[in-house]
**Q** 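One structure, as structure tokens, below. Some questions next.
Note that the structure is predicted; figures quoted are calculated from it, not measured. When reading the values below, keep in mind they use all heavy atoms of this one structure, side chains included, and skip hydrogens, waters and symmetry mates.
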Amino acid sequence: MKELLKEILDKCYKYTDEGAVANYIPELAKANRKEFGICVITDANSVFAVGDHDKCFTMQSAIKPIILLLALMDNGEEKVRSLVGTESTGKPFDAFNYSDQALKNEHINPMINTGAIALCSLIKGKDYEEKFRRLLNLARKMADNPNLEVDENVYLSEKLTGNKNRALAYMLKAYGMLEDNVEDVIDCYFKACSIKARSTDLAKIAFVLANHGTNPLTGEEICSRDYAKYINAVLMTCGMYDGSGEFAVNVGIPAKSGVGGGIMGVVPNRMGIGIYSPALDRKGNSIAGIKALEMLSKKLDLSIF
């Protein structure tokens, strides 16, 4: 496996020259586009990693499956589905123009910014500091890494410049889909997106979802099989922004990308995959990361279809 990953890394490295790193958040613009790491986990004793797999980056939208999971664990599926739908929007992850009518739950999903911001309000806690701490602890548990923390520079950069996300939150408020104080909710969301992780951490999180909510590395059941199934289904249809359909055809696994350059890939019953390469296409997905997943999927017949 490690030889295969090295081959894929070498063949896909040229794609790090394409696209651009995210620059709408000033701190993300500092990323080194040449960094490229891959990690694949196939069982508790088989962790294969190549390239810059230990390089830390912020999870950005790769945290959204964990936001969804905690909202499900705290409230149940019916409550979550009353707030966010499951259909792909076919629009950019930060789009405003969902419909010419009033904004409704079926217009958004948990893997775009509007849906994830809304779900932050469903996390239980006496205040948003406790809500975020519970989210961080769940991410740590799934990654089997107690050292996951917020990148303070990225968080402050997002808080200073994230007016479009702030506007999305106020839009939710205007349509009665957000009851809490907007600034408290959006601050929690900015912190969540700013959690630092490595390719290895993403692979471990994906491996939990691939194993129906149980962490094979520790033997702990983190969530129910039904919730893991729910999340994987949403990842399949919505996880790669408005490129999810093409990704389903070319790769064929549930996955979630983030504009920090990470991609988390779930191969049910088989493996968890984490990739980092910060040069993005116009949809916000890692170009080299997608190329690597396409090659890995073809080599190992990973598509679930």
**Q** To the nearest 0.5 angstrom, please state how far the SG atom of Cys39 sits from the CE atom of Met264.
**A** 13.5 Å

**Q** Who are the salt bridge (Lys or Arg N to Asp or Glu O under 4.0 Å) partners of Asp187, not counting sequence neighbours?
**A** Lys159, Lys191

**Q** With the threshold set at 4.0 Å, does a side-chain nitrogen-carboxylate oxygen contact exist between Arg134 and Asp74?
**A** yes

**Q** With a 4.5 Å cut-off on side-chain heavy-atom distances among I, L, V, M, F, W and Y, is there a chain of contacts connecting Ile195 to Leu138?
**A** yes

**Q** Can you find a heavy atom in the side chain of Thr58 that is under 4.5 Å from one in the side chain of Val259?
**A** no

**Q** Does Lys131 reach the side chain of Lys124, with side-chain heavy atoms less than 4.5 Å apart?
**A** no

**Q** Below 4.0 angstrom, N of the basic side chain to O of the carboxylate: do Lys11 and Glu7 qualify?
**A** yes

**Q** Check for me, please, whether Val234 and Val208 land in the same ILVMFWY cluster - side-chain distances under 4.5 Å, paths through other members count.
**A** yes

**Q** Tell me, please, which residues at least two apart from Glu130 pass salt bridge (Lys or Arg N to Asp or Glu O under 4.0 Å).
**A** Lys126

**Q** How far does CE of Met142 sit from CG of Leu70, to the nearest 0.5 angstrom?
**A** 10.5 Å

**Q** Under a 4.0 Å N-O cut-off, is there an ion pair linking Asp54 with Arg198?
**A** yes

**Q** If I take atom OG1 from residue Thr42 and atom CG from residue Leu300, how far apart are they, to the nearest 0.5 angstrom?
**A** 10.0 Å

**Q** If you apply the rule side chain to side chain contact (heavy atoms under 4.5 Å, CB included), what do you find for Ile108 with Met177, and how did you get there?
**A** CA-CA 11 Å; Ile108 59 178; Met177 299 176 71; 3.8 Å; yes

**Q** Please walk me through it: do Glu27 and Leu156 pass side chain to side chain contact (heavy atoms under 4.5 Å, CB included)?
**A** CA-CA 9 Å; Glu27 280 296 315; Leu156 293 173; over 6 Å; no

**Q** For Leu217 versus Asn215, what's the shortest heavy-atom pair and its separation?
**A** N-OD1, 2.9 Å

**Q** Checking Ser157 side chain against Val154 main chain: does a donor-acceptor pair fall under 3.5 Å?
**A** no

**Q** Is there a donor-acceptor pair closer than 3.5 Å between any side-chain N or O of Asp144 and the backbone N or O of Thr218?
**A** no

**Q** Please tell me if the side chains of Tyr15 and Ile290 come closer than 4.5 Å, counting only heavy atoms from C-beta onward.
**A** no

**Q** Please test Asn113 against Lys64 for side chain to side chain donor-acceptor pair (under 3.5 Å), starting from the C-alpha separation and ending with a verdict.
**A** CA-CA 9 Å; Asn113 295 14; Lys64 287 173 180 170; 2.6 Å; yes

**Q** Is any side-chain heavy atom of Asn211 closer than 4.5 Å to a side-chain heavy atom of Asn269?
**A** no

**Q** Would you kindly confirm whether Ile117 and Tyr128 end up in one hydrophobic cluster when ILVMFWY residues are joined by side chain heavy atoms under 4.5 Å apart?
**A** yes

**Q** Just verifying a value: how many Å separate Ser194 OG and Leu28 CG, rounded to the nearest 0.5 Å?
**A** 8.0 Å

**Q** Charged N to carboxylate O under 4.0 angstrom, Lys196 versus Glu149?
**A** no

**Q** For Glu246, check side-chain hydrogen bond (donor to acceptor under 3.5 Å, both in side chains) against everything at least two apart and list the hits.
**A** none

**Q** To check you understand the geometry: which heavy-atom pair defines the closest contact between Phe57 and Ser199, and what is its length?
**A** CE2-N, 3.6 Å

**Q** With a 4.5 Å limit on heavy-atom distance, are the side chains of Lys204 and Asn145 in contact?
**A** no

**Q** Do Tyr241 and Ser61 meet the criterion of a side-chain donor-acceptor pair at a distance under 3.5 Å?
**A** yes

**Q** How close do Leu72 and Tyr227 get, heavy atom to heavy atom, and via which atoms?
**A** O-OH, 3.2 Å

**Q** Which value, rounded to the nearest 0.5 Å, describes the distance between Cys188 atom SG and Leu135 atom CG?
**A** 6.5 Å

**Q** Looking at every heavy atom in both Pro26 and Thr161, which two are closest together, and how far apart are they?
**A** CD-OG1, 3.6 Å

**Q** Can you confirm whether the side chains of Asp43 and Ser46 place a donor and an acceptor under 3.5 Å from each other?
**A** yes

**Q** Check whether Ile287 and Phe36 end up in the same hydrophobic cluster, where Ile, Leu, Val, Met, Phe, Trp and Tyr are linked by side-chain heavy atoms less than 4.5 Å apart.
**A** no

**Q** Does Leu9 belong to the same Ile/Leu/Val/Met/Phe/Trp/Tyr cluster as Leu4, with side-chain heavy atoms less than 4.5 Å apart forming each link?
**A** yes

**Q** Answer yes or no: is there a donor N or O on one side and an acceptor on the other, between the side chain of Asp52 and the main chain of Lys55, under 3.5 Å?
**A** no

**Q** Could you state the interatomic distance from OH (Tyr276) to CD1 (Ile263), rounded to the nearest 0.5 Å?
**A** 12.5 Å

**Q** Any side-chain heavy atom of Met295 within less than 4.5 Å of one from Ile8?
**A** yes

**Q** Of all the heavy-atom pairs spanning Cys223 and Leu69, show the shortest one and how long it is.
**A** CB-CD1, 3.6 Å

**Q** Determine whether the side chains of Asn285 and Ser257 contain a donor N or O and an acceptor N or O closer than 3.5 Å.
**A** yes

**Q** For residues Ile66 and Ile205, determine if any side-chain heavy atom of one lies less than 4.5 Å from a side-chain heavy atom of the other.
**A** yes

**Q** So with a 6.0 Å cut-off around CD of Glu129, is the heavy-atom count from everything else above 12?
**A** no

**Q** Quick one, Leu302 and Ile273 - any side-chain contact, counting heavy atoms below 4.5 Å?
**A** yes

**Q** Show your reasoning for whether side chain to side chain contact (heavy atoms under 4.5 Å, CB included) applies to Arg140 and Leu136.
**A** CA-CA 6 Å; Arg140 287 171 170 171; Leu136 178 60; 3.6 Å; yes

**Q** Listed by chain and number, what are the side-chain hydrogen bond (donor to acceptor under 3.5 Å, both in side chains) partners of Lys34, not counting sequence neighbours?
**A** Thr16, Asp17

**Q** How would you list, by chain and number, every residue that makes a salt bridge (Lys or Arg N to Asp or Glu O under 4.0 Å) with Lys291, sequence neighbours excluded?
**A** none

**Q** Salt bridge check: are Asp226 and Lys229 linked by an N-O gap of less than 4.0 Å?
**A** no

**Q** With a 3.5 Å distance limit and no angle check, can you tell me whether Arg33 reaches the backbone of Glu18 through a side-chain donor-acceptor pair?
**A** yes

**Q** Surrounding NZ of Lys173 (heavy atoms of other residues, nucleotides or ligands, distance under 6.0 Å), is the total greater than 12?
**A** yes

**Q** Would Leu119 and Leu68 satisfy side chain to side chain contact (heavy atoms under 4.5 Å, CB included), going step by step from the backbone distance to the final call?
**A** CA-CA 7 Å; Leu119 287 179; Leu68 172 58; 3.9 Å; yes

**Q** Which residues satisfy the salt bridge (Lys or Arg N to Asp or Glu O under 4.0 Å) test with Asp10, sequence neighbours excluded?
**A** Lys6

**Q** Looking only at heavy atoms, which two atoms of Tyr189 and Ala116 are closest? And how far apart?
**A** CE1-CB, 3.8 Å

